[in-house]
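Take a look at the structure below.
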Amino acid sequence: MAKIIPFCAVRPRTDLAGRIAALPYDVYSREEAYEAVKDDSLSFLRIDRPETQFPADYDMYAPEVYEKARDMLNDMIHDGAFVQEEKRAYYVYELVMNGRSQVGIAACASVDDYENRVIKKHENTRADKEADRIRHVDVCSAQTGPIFLAYRSREGIEKEVCKARITPPVYDFTADDGITHRLWIIDDAESVERIRQEFEQVRSVYIADGHHRCASAVRVSQMRRKAHPDYTGEEEFNYFLSVLFPDDQLMIMDYNRVVKSLNGYSEMEFLGKVREIFEVESMGTSPYHPQCKGEIGMYLDDIWYRLTVKAERYTGDPVEDLDVAILQKDLLEPVLGILDPKVDDRIDFVGGIRGLEELVRRVHTDAKVAFAMYPTDIHELFAVSDAGKLMPPKSTWFEPKLRSGILIHKIEE
């Protein structure tokens, strides 16, 4: 059962929260990060991406870069831009995007639960991508970006969340991208204990987004356990910062594909190959978004098509029956020769937040064909994780993104 505990957060002073909170470090290229923090002395991106405080050609993985992140964080705490909670608490975190509200609980999840597969993943991680966050967490002795977790909704937790939201929020601001963020604190003993007990009844928790941040936090915990062989399991480094959302609150957007060549086929030859695999219907020149699982939109030679998966293709396997897996195995690999989409530079992935117009633009600039996917369902993600399997690359795109710097979990003892 899940061990989800309250913690004493380091968080921005109320009047500065909107200026400090920043999108996750990994949504920016190095150049974009420099531009985002230029002339900004408060954005948390400065701490998440401390190379922005050095010349553009500086080694972004040098020890002094991570030390700079630690020093900036400590300075902001010392100067009062951040405050330290004195009581352990859960935090209700609401995000509103285009009028749609999504509400979760910020807390700390157990490293042991991750290692014992109570907290389940659906992606593999890469050691080179983990290394940067391992050093960042270790040097700062703080987890600064929450892992996005999901669980099957429980009425008892929902009641406590609703009760907290009757009161005025600690934070209520709208970021530059139009996303509204609100935060409430639950620190009365009865409510805290009730939430803790409710989570103990949750059999499985799922990583929705943040696999590399999670793996990095776990690795730092392992390092500190090794350095402190007398650890009890209750030290802060045994837990990692998370926001947990019930399954009925989540929105997964489509994660679309563009391919830069047709592997030697003309457009008509390629369309003929597609017809051998899918039921194909021309939808004209207006962008076509799939309406259900088993449908894929394809943009080729200025025409949109609806591709429908044939019924006999389904196997009952939670991974093989994903639309993204069918597209890869039946078309991208055998016809277009894309054997490994993680490394093949002929394919690119476009988050649904950019809209179908971005697929049209790409086909008119640097690609030959685009595929609009129906969003993967959260329960498909659960089924894959429960089976101990992994999703194909770029299967899910979660929006809105959690902000870094709103809540920080210090792990030094």
Side-chain angles (χ1 to χ4, degrees), residues 1-2 104 109 113-126 147-154 201-212 214-215 218 242 244-257 277-279 289-298 306-335 338-344 347 349-352 371-399:
M1 303 304 174
D113 282 352
Y114 177 86
E115 295 183 323
N116 296 332
R117 293 200 69 250
V118 173
I119 298 174
K120 300 177 180 180
K121 65 180 183 178
H122 67 267
E123 287 181 7
N124 271 334
T125 55
R126 288 170 40 189
I147 288 84
F148 189 148
L149 301 179
Y151 65 96
R152 292 179 177 88
S153 180
R154 289 189 63 82
Q201 304 306 309
V202 174
R203 299 189 58 165
S204 298
V205 176
Y206 304 85
I207 302 174
D209 199 8
H211 282 78
H212 285 90
C214 187
V218 170
S242 307
L244 300 99
F245 291 93
D247 54 353
D248 55 7
Q249 291 276 328
L250 295 179
M251 178 177 70
I252 304 179
M253 299 188 73
D254 40 308
Y255 215 148
N256 303 314
R257 280 89 169 114
I277 302 165
F278 297 95
E279 301 290 346
H289 195 286
Q291 300 300 299
C292 61
K293 176 177 169 59
E295 286 188 2
I296 299 170
M298 182 177 75
R306 176 168 59 198
L307 314 185
T308 303
V309 177
K310 297 177 180 179
E312 61 268 22
R313 172 60 185 77
Y314 292 109
T315 66
D317 182 279
V319 175
E320 295 296 322
D321 288 354
L322 294 171
D323 289 349
V324 290
I326 292 171
L327 179 69
Q328 174 61 35
K329 186 175 181 181
D330 289 0
L331 183 61
L332 299 184
E333 181 175 326
V335 177
I338 298 172
L339 305 182
D340 186 350
K342 295 191 295 291
V343 299
D344 197 316
I347 188 170
F349 302 91
V350 180
F371 299 96
M373 310 304 297
Y374 188 74
T376 301
D377 185 80
I378 187 64
H379 298 100
E380 291 182 298
L381 184 154
F382 287 178
V384 170
S385 300
D386 286 340
K389 297 190 174 187
L390 303 174
M391 285 187 163
K394 312 297 185 184
S395 294
T396 56
W397 181 282
F398 286 90
E399 286 287 347

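In what follows, every heavy atom counts, from backbone to side chain, and hydrogens, waters and symmetry copies are set aside.
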Should the heavy atoms of other residues, nucleotides or ligands under 6.0 Å from NZ of Lys120 be counted, would the total exceed 12?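 It does: Lys120 NZ has more than 12 such atoms within range.
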Write down the atom of [X], the atom of [Y], and the distance for their closest heavy-atom approach.
X      : Y      : answer
Phe349 : Pro393 : CE2-O, 4.4 Å
Pro392 : Leu322 : CD-CD1, 3.8 Å
Tyr206 : Arg152 : OH-NH1, 2.7 Å
Ser204 : Asp386 : OG-OD1, 4.2 Å
Pro341 : Ile347 : O-CG2, 3.8 Å
Ser385 : Lys121 : OG-O, 3.4 Å

For the residue pair Thr376 / Asp323, report whether a side-chain donor-acceptor contact shorter than 3.5 Å exists. no
Before giving the answer on side-chain contact (heavy atoms from CB on, under 4.5 Å), spell out for Val205 and Asp113 the whole-Å C-alpha distance, their side-chain angles and the decisive distance to 0.1 Å. CA-CA 9 Å; Val205 176; Asp113 282 352; over 6 Å; no
Closer than 3.5 angstrom, by distance alone: can the side chain of [X] be matched with the main-chain N or O of [Y] as a donor-acceptor pair?
X      : Y      : value
Glu320 : Pro318 : no
Glu380 : Asp377 : yes
Asn116 : Val118 : no
Gln328 : Ile338 : yes
Arg257 : Tyr255 : yes
His211 : His122 : yes
Asn256 : Met373 : yes

If I take atom [atom1] from residue [X] and atom [atom2] from residue [Y], how far apart are they, to the nearest 0.5 angstrom?
X      : Y      : atom1 : atom2 : value
Asp340 : Glu333 : CG    : CD    : 9.5 Å
Lys310 : Glu279 : NZ    : CD    : 5.5 Å
Ser395 : Leu381 : OG    : CG    : 8.5 Å
Ile252 : Ile378 : CD1   : CD1   : 4.0 Å
Asp247 : Phe382 : CG    : CZ    : 5.0 Å

Minimum side-chain heavy-atom gap Ile326-Ile296 below 4.5 Å: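 No - every pair of side-chain heavy atoms lies 4.5 Å or more apart.
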May I ask you to test the Ile119-Ile207 pair for a side-chain heavy-atom distance under 4.5 Å?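 Of all side-chain heavy-atom pairs linking Ile207 with Ile119, at least one is under 4.5 Å.
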Taking NZ, NE, NH1 and NH2 as the nitrogens, is one of them in Asp330 or Arg313 under 4.0 Å from a carboxylate oxygen of the other?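 Looking at Arg313 together with Asp330, the answer is yes, because their closest N to O distance falls below 4.0 Å.
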Is the shortest distance from a Lys or Arg side-chain nitrogen in Lys329 or Asp317 to a carboxylate oxygen in the other one below 4.0 Å? no
For the pair Leu327 and Leu332, evaluate side-chain contact (heavy atoms from CB on, under 4.5 Å) and give the outcome as yes or no after the intermediate values. CA-CA 6 Å; Leu327 179 69; Leu332 299 184; 4.0 Å; yes
Take the angle between the ring planes of Phe148 and Phe245 and call it parallel below 30°, perpendicular above 60°, tilted in between.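 Judged by the thresholds at 30° and 60°, the geometry between Phe148 and Phe245 is tilted.
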